[in-house]
Protein chains: 2
Amino acid sequence: MNRFLSNATNRIDAKGRVSVPSAFRSVLSQRDIRELYCFQDFLFPAISVGGLDLLDRFERQIASEDVLSPQANRMSLLVHGGGVFMKLDSEGRLPVTDFIRDYTGITAEVTFVGRADHFQLWAPQTFLATQAAAREEFRTRGLGLG
Amino acid sequence: MNRFLSNATNRIDAKGRVSVPSAFRSVLSQRDIRELYCFQDFLFPAISVGGLDLLDRFERQIASEDVLSPQANRMSLLVHGGGVFMKLDSEGRLPVTDFIRDYTGITAEVTFVGRADHFQLWAPQTFLATQAAAREEFRTRGLGLG
DNA sequence: TGGGATATCATGGGACCATATGGGCGTCAA
DNA sequence: TTGACGCCCATATGGTCCCATGATATCCCA
């Protein structure tokens, strides 16, 4: 497996740590991702986690803009300034900081959700609800992306 | 790490000093930046800090403009004339001068914000509010620039 | 097919270390 | 002389490492 797929829910311990699922850890080591970069999803209350290559798309766009461009400035503020580094401990756990809790509503448990080139942290019930809502959306409006 | 990323908030002590986050200090030494050049951000109430190479992009743009361009004239006035030099002490702290306080509204705490090739000083609550506003902007209008 | 052995993984907690922070002292300049 | 600044050390808080325990799935063999 070389992509982040499926989901799993783990408990946060008394020290505020949570184990990253083994399957995700093996993808991380396979891609040689040692420093995790995390930032808020632009749409959902979830934290995206992956390597620094996640920034590439944004940085290409920023670099192509005028030095004084407010849009480029705002984007850099979010993706460069709004991200957080996380390191797994030797057991493969990551600390669940307020940065994560505040944006996701996570309290006692974390749902890890695969997103192919990265994975996300969700509050379990929010994940279920959002997934159901998305399914309902497709059911009524169809798959059209417009 | 060779870029300024993420953010951190530190307290100003009784002598008006604040510790630059360890991660940012290591980027500075890695880039062999000893004298910090600081100037006001063009859009936000924040101070930009970095090496003199920060001026490169501005100077390229100024050079490409007409000699009589009011835009280039203004940019030089701000970037060349409006900057100040700062030095870290042996512990990696920098003095928070009135130059910084007046433009940013910083009082008791400083939020250091990574911007890839430089970092910025923000008043914590201003940073949070501005970031939230920028995110909302992208959420409603999309990521398209221009 | 079932039951026990074993490996893998999540969880819990103690010890240690890096870093932010606070404050003392000497030096230099206004 | 006084105040600002640079240099030094002392301390605490939080993060990281290390080892132990418990749970669950997998395998192997009878």
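Proteins get letters first, then strands, A, B, ... in listed order; numbering begins at 1 in each.
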Check your understanding: Nearest nucleotide by nearest heavy atom, which residue falls closer to the 5' end of DNA chain C, A:N10 or B:P21?
Key ->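 On the 5' side of the pair lies A:N10.
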Nearest whole Å is fine: how far is [N] [atom2] from [X] [atom1]?
| X | N | atom1 | atom2 | value |
| --- | --- | --- | --- | --- |
| A:L88 | D:dC18 | CG | C1' | 16 Å |
| A:F112 | C:dC9 | CZ | P | 15 Å |
| A:L36 | D:dT16 | CG | P | 11 Å |
| B:L94 | D:dG6 | CG | C1' | 14 Å |
| B:F85 | D:dC5 | CZ | C1' | 19 Å |
| B:M86 | D:dG6 | CE | C1' | 13 Å |
| A:E109 | C:dT11 | CD | C1' | 13 Å |
| A:R11 | D:dG22 | CZ | C1' | 11 Å |

Practice item. Spell out, as yes or no, whether a donor-acceptor pair under 3.5 Å connects the side chain of B:R115 to the backbone of B:V49. Key: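 No, because the side chain of B:R115 does not come within donor-acceptor range (under 3.5 Å) of the backbone of B:V49.
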Review point. Is a side-chain N or O of A:Y103 found less than 3.5 angstrom from the main chain of A:D41, in a donor-acceptor match?
Key: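 Yes, the answer is positive, given that a donor and an acceptor are paired below the 3.5 Å cut-off.
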Exercise for review: Tell me which nucleotide among C:dT21, C:dC9, D:dC17 gets nearest to the side chain of A:K87.
Suggested key: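 In terms of side-chain proximity for A:K87, the closest of C:dT21, C:dC9, D:dC17 is D:dC17.
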Exercise for review: Please state whether the rings of B:F112 and B:F119 are parallel, tilted or perpendicular, taking 30° and 60° as the class boundaries.
Suggested key: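 Answer is tilted, since the angle falls between 30° and 60°.
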Check your understanding: Hey, what's the ring geometry for B:F42 with B:F58, parallel, tilted or perpendicular (30° and 60° as the breaks)?
Key ->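 Plane angle between 30° and 60°, so tilted.
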Practice item. Would you mind building the protein contact string for nucleotides 23-30 of chain C? One character per nucleotide, 5' to 3', B for base within reach (heavy atoms under 4.0 Å), S for sugar-phosphate only, - for untouched. Key: BBB-----
**Study point:** A:T111: partners by side-chain contact (heavy atoms from CB on, under 4.5 Å), with sequence neighbours left out
**Key:**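 By the side-chain contact (heavy atoms from CB on, under 4.5 Å) rule, A:T111 matches A:N7, A:T9, A:V113, A:W122, A:P124, A:F127.
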Practice item. Answer yes or no: does atom CZ of A:R3 have more than 12 heavy-atom neighbours from other residues, nucleotides or ligands under 6.0 Å? Key: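 Not buried by this count: 12 neighbours or fewer within 6.0 Å.
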Review point. Atom CZ of B:R31 and atom OG of B:S29: how far apart are they, to the nearest 0.5 Å?
Key: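 Here the rounded value is 11.5 Å.
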Review point. Would one find a side-chain N or O of A:S22 under 4.0 angstrom from OP1 or OP2 of C:dC9?
Key: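 True: A:S22 side-chain N/O within range (under 4.0 Å) of C:dC9 OP1/OP2.
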